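In each ligand, atom 1 is the first atom listed, and ligand 1 is the first ligand listed. Keep in mind the model is a prediction, meaning the values are calculated, not measured. All residue numbers in this chain count up from 1 along the given sequence.
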Amino acid sequence: MEKLLEPTSDPTWVLVAEGYDPLREGIYEARFATSNGFLGVRGGRAVSRGSRWIEPHRTYIAGLFDIPGSEHPIPVLVSAPGWLESRIISTGGPLVHHPAEVASHRTTLDMRRGALFTGCRLIDHPNIAVHVRTMGLVSLNERALGLHVINLEVEYGQVEVTLEASFEGLGLGLLSERLEQDLGVWRTRNSNKRLAMAAALCLQIDGSELAPTMSGPFVWSWHWKTRTGQNVCLSRLVAVARGDSQDEAPDRVAWEKLEGARQLGWRKLVQEHEAAWSERWQRSDFEVQGDSAAELALRFAAYHLNSAVNPADEHVSIGARGLTGDDYHGHVFWDTEIYLLPFYTLTWPEAARGLLMYRFRTIDGARAKAAGMGWRGAMYAWESADTGTEATPERVVCPDGRIVEVLCGRQEQHVTADVAYAVWQYWQATRDEEFLLRAGAEILLETARFWSSRAQPEPDGYCHIRGVIGPDEYHEHIDDNAFTNVMARWNIRRAIDVVGLLRERWPERWASLSSRLALGDTELVQWQTVAETMATGLNPQTGLFEQFAGFFDLEEIDLTAYEGRSVPMDVVLGRERTQKTKVIKQADVVALLGLLPEEFAGDHADANFRYYEPRCGHGSSLSGAMHGLAAARLGYSDLALRYFQQAAAIDLADTHTTIAGGLHMASLGGTWLTAVLGFAGLSLQSDEIAINPKLPAKWRSLGFAIEWRGRRLKFRIDADHDLLQATLESGDSITLLVNGRQHEVRCDQATVCPL
Ligand code: BGC
C-alpha cells in the first residue's frame, strides 16, 4: 500500500467513523467535508453499496449562485455535477459489502493533510475479496483541482470485473452548454454564470496503465480479470472553473488547469497540497495540554476555517455553512465579519482582506438597499449572495408548520456596523494601507453615513434607531437595540477617525474620495452630533444596558425550569408569547461585551453579563461561543469552558440535528474567539498587543500563533509555571503588554513573561 494513500497515524490529527450507518451519513458528509474556499466536497463515501448508486457527493462551487425561479426569487448556491461516482461489478453483479463486513468500513478525515480517506473490504464470497481504499481532496495549492484515488487490493479471486467511474446529475439544476467526453460546460438558468469541469482518469493495474472505454460523456469503464495480490489504482483528477460573465472562458481555464495537473501527476499534486496545508498549520495550529478534547475541537475549527476561504477570489465570501451543506443557500451573514474574520485577520490576513473586498465589491448593492428604504450611504444585506442585493427569504416554515414572514431582511440592520467593525479590526491588525485607501475607508464612510441618516434626533435630545431586530431575533420591530445603537455609534466614530487619518496622511486621497462621495464638513459635524446623542439604553446607576426600549418591562421566565429541553425556547413558549418575555435567542448585550469591552466601565461588564446570561435560551448556534468569550474575559473560566464545549459539540458531537445541512461556521470561528480572545485574553491595542490569560483550571498550557502588522508570533501560556512564552518568528520587535506589564519581544530570542 502506497504511503500517500494512508491517513496520518497520529490520533490527534484525525477524525474517524467506523462502520456504516445510513441514518448518520449526512452528519459525516458535513463534518468530513473537504474544501478549499472554491470547491467544497461533502465527505460521502466513494464506492457504491450494491446495486444502489450512493447518494451523489455534493460538490459546491463558491459563488455559483442561481435564482431558481419566480416562485423562489432569491439566489441559492447550486451544486455541481457529482464527479466521484464509481462502482465495481464482478461477474455476478455489483460487488457489495457482505453484511458481516460492513463493520470493516472506516472513514478518516485527516486534518493535517486536508484529505479524506476511506477503507473497506468488499467480498463476493467465495469468488473474490477486495480491499478498497480511497483518498479524496481538493487542492489548497491550486484551488481549481480535485483529486480522488481508489486503490484496490485483491485479497483473493480470479474473476472478470468492471470498474465504472462517472459524473452524476449532469442535467440537474444547470443547463448543459457543451458536453464532451471529458469536458463539460453548464450555465445557470437565471444568473448568467457558467461552470466548466474537465476530468482525467487513469487506471493502473500493477503499475501498467489500462485504457478505458467511454460509453458517453463522463462515463469511463475498465474491464479486466483479477488475480490474488493484484493492485489496482484509479486516479481521477477534475478541474473546475466558474465564469461570471459572458466574456470569460471557463472551459479554457478548466482545460488548462487539468493539463497542468496531468503533467504534474497526482502524487506531486498531493505533495503540493500538503505543503500548502503545512504552511496553514504553521500559522494556525493549537496546543492545549490537559484537555485533548479542547485541542481537537480547536484543530477541527481551524481545519474548517482554513478550508472555507479563498484569498484569491474577491467576489465571494463564506456562507453560514461554508461549502459544507445547503442550509441557508450559501448566504453570507454577519457570522463572517463577527465570528470568522478575527481568525483570518490574525492568522491569514490575505484571506481576511479577500473577504472584506467582497463587501467592497458588493457595496453598490448596499447603497441600493439604503436608498430603497429611504436612507443614505450603504446598508448591507442581512443575507448576501453574489451581488450584495438583499437575499433574505420573505417567508419560512416554523418548527410548528406555520408559515411566517421573515423581517430580518428589512430590520436586522446591525450587519452594516459589523462589516465596519471587521474593516477596522483588519486595519488595526495589519496596517494594510493599500486596502484602507482602496476599499476600507469607503466602507467605513458609507456605513457611517447610513447610520447618521438612520438614527433620527427626537425631542428628548437623543438620536433613536427605531424598528429594528438585534442579534436576539426573538424580538422584532424593536426600538433602540443597545447592540445596534452602540455598534452604529462606534461605526460613526471610526469613520470620523478615518477622515482624520486620510486628511493627515493622504490628503489627495481624501480630496478625491470626499469629492466622489460628496462628503463635506457639514455632514461630518452632523455625524459627530449623532454619535454624541445616540440613545444607548445605558443606565449609569446600574451600569446595565437595556437590550432595547421596554425590555426591562417584559415578563420574566426562569429558564432553569426548562433545563434539559430538546427544542428552542421559542418552540416551547410559542413565537408570540416569547416576544412578550425576556427570553433572548442569543448573545445580544453579551455580544456587545464580546466586541466592544471598552464600552463597559468599571464593573458594568460583569453586571451586564450576570443580568443577561441567565436570560439567554441559546436558540442559535452563534450564542455559546460569544458567551464563552465574554465569560472567559470576566474570569468565569469554568463557565466559559462549558460554553466552549457546547459550541464545539454543535459540529463535533452527534447532538445537533441540523449538521447534515452543513457545519456552523460561526460556531467554529467562535471556539477560536473563546480560546484566543477569551482564555488567552488577547486584545489589540492601538500600538501593542495585550494578553491577560485566564485559562480553565484543567488547561495546563495553551499554545497558538498570530500575525500582527507583518510579524509572526507564537505564544505559549504555561499554567503550571505561571509563564507566558512569546516568540517572534519574523518581523520587527514589539512591545507586549502581559497583565498590564510591558515586555519587549525580539526576533532573536523567546521572551518569557511571568504571569
Ligand atoms: C442566527 C443569526 C445567524 C444565522 C446564520 C440565525 O439562526 O440567529 O444570528 O446569522 O442564523 O447563522
Side-chain angles (χ1 to χ4, degrees), residues 30 74-77 301 304-305 308 317-341 355 359 380-385 390-393 395-399 404-419 421-422 468-476 478 481 483-484 487 547-548 567-571 575 578-579 583-592 594-595 612 616-627 629 646-647 650-651 656-671 673:
I74 57 161
V76 302
L77 195 65
H304 280 293
L305 292 166
S317 182
I318 303 173
R321 300 289 184 262
L323 293 173
T324 70
D326 288 329
D327 281 3
Y328 290 118
H329 309 301
H331 293 175
V332 181
F333 294 70
W334 72 311
D335 307 29
T336 309
E337 279 72 22
I338 296 304
Y339 288 80
L340 310 186
L341 248 299
L355 295 168
R359 292 297 193 179
Y380 280 97
W382 173 244
E383 293 188 28
S384 185
E390 184 55 66
T392 306
R395 279 172 286 280
V396 286
V397 184
C398 277
V404 294
E405 230 188 308
V406 182
L407 300 177
C408 301
R410 296 180 65 78
Q411 295 187 6
E412 196 153 357
Q413 299 171 359
H414 62 82
V415 58
T416 294
D418 304 331
V419 171
Y421 180 86
V468 297
I469 297 176
D472 161 25
E473 294 165 346
Y474 287 166
H475 298 93
E476 298 172 330
I478 53 168
N481 167 237
F483 180 87
T484 304
M487 289 291 284
Q547 189 181 296
F548 54 83
V567 290
M569 278 309 289
D570 61 330
V571 176
R575 208 161 165 259
T578 308
Q579 293 183 341
V583 176
I584 304 165
K585 180 178 179 187
Q586 67 192 73
D588 195 307
V589 173
V590 170
L592 200 55
L595 303 190
Y612 285 105
C616 185
H618 305 292
S620 155
S621 61
L622 276 60
S623 194
M626 195 53 91
H627 277 80
L629 165 60
Q646 275 169 27
I650 290 173
D651 289 329
H656 218 272
T657 46
T658 56
I659 141 162
L663 299 180
H664 300 76
M665 299 307 296
S667 157
L668 294 170
T671 56
L673 289 179

Trainee: Could you tell me whether a side-chain N or O of Y421 sits under 3.5 Å from a main-chain N or O of L595, the two making a donor and an acceptor?
Mentor: yes
Trainee: If you count heavy atoms of other groups shown closer than 6.0 angstrom to CZ of R410, is the number above 12?
Mentor: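 Open.
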Trainee: Going by the rule ring-ring contact (aromatic ring centres under 6.0 Å, His included), which residues pair with Y612 if we only count those two or more places apart in sequence or in a different chain?
Mentor: F551
Trainee: List for me each residue that meets ring-ring contact (aromatic ring centres under 6.0 Å, His included) alongside H414, sequence neighbours excluded, and say none if there are none.
Mentor: W334, W382, F483
Trainee: I need the contact residues for ligand 1: any residue with a non-hydrogen atom closer than 4.0 Å to the ligand, ordered by chain then number.
Mentor: A320, Y328, F333, W334, D335, W382, E473, K585, Q586, S620, L622
Trainee: Do T484 side-chain atoms and G470 backbone N/O form a donor-acceptor pair below 3.5 Å?
Mentor: no
Trainee: List in chain and number order the residues that pass salt bridge (Lys or Arg N to Asp or Glu O under 4.0 Å) with E337, two or more places apart in sequence or in another chain; answer none if no residue qualifies.
Mentor: R359
